[in-house]
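Would you mind keeping the following structure in view while I ask a few things?
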Amino acid sequence: MTLARHGAQARREVLHSDGLRYWQYAEVLLMLRRSGPPYACGSRRSPSGWA
């Protein structure tokens, strides 16, 4: 079994054990990707200025 296939199978098993179907996971992941880079904010302030 290749490493990629093993990772995919492990991910599906974890999702299934939590009651989440793979297509639901893929939908959420796609929405996150469309929303932009992680931790993006509208202003150019540094993270220390967010608090």
Side-chain angles (χ1 to χ4, degrees):
M1 184 181 270
T2 65
L3 185 58
R5 185 177 291 168
H6 178 72
Q9 181 63 31
R11 182 171 44 250
R12 287 178 194 267
E13 288 173 3
V14 169
L15 292 172
H16 182 70
S17 70
D18 286 340
L20 189 65
R21 293 196 171 100
Y22 184 77
W23 65 266
Q24 292 169 316
Y25 164 77
E27 234 177 62
V28 169
L29 188 59
L30 181 62
M31 288 184 348
L32 288 171
R33 287 179 178 164
R34 286 181 179 167
S35 69
Y39 309 109
C41 66
S43 66
R44 296 209 177 253
R45 294 183 308 176
S46 68
S48 61
W50 292 348

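Bear in mind the structure is a predicted one, so any value in this text is a computation, not a measurement. Just so it is clear, the values below take in all heavy atoms, side chains as well, and ignore hydrogens, waters and symmetry mates.
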What residues form a side-chain contact (heavy atoms from CB on, under 4.5 Å) with R11, not counting sequence neighbours?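 Per chain and number, R11 pairs via side-chain contact (heavy atoms from CB on, under 4.5 Å) with A8, L15, Y22, Y25.
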Can you list, by chain and residue number, the hydrophobic cluster partners of L32 when the side-chain cut-off is 4.5 Å?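 Once heavy-atom contacts under 4.5 Å are chained together, L32 belongs with V28.
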Residues which pass side-chain contact (heavy atoms from CB on, under 4.5 Å) with E27, listed by chain and number, not counting sequence neighbours: W23
Less than 4.5 Å apart, any side-chain heavy atom of H6 and any of Q9?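 A side-chain contact under 4.5 Å is absent here.
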Roughly how far, to the nearest 0.5 Å, is NE2 of H16 from CD of E13? 9.5 Å
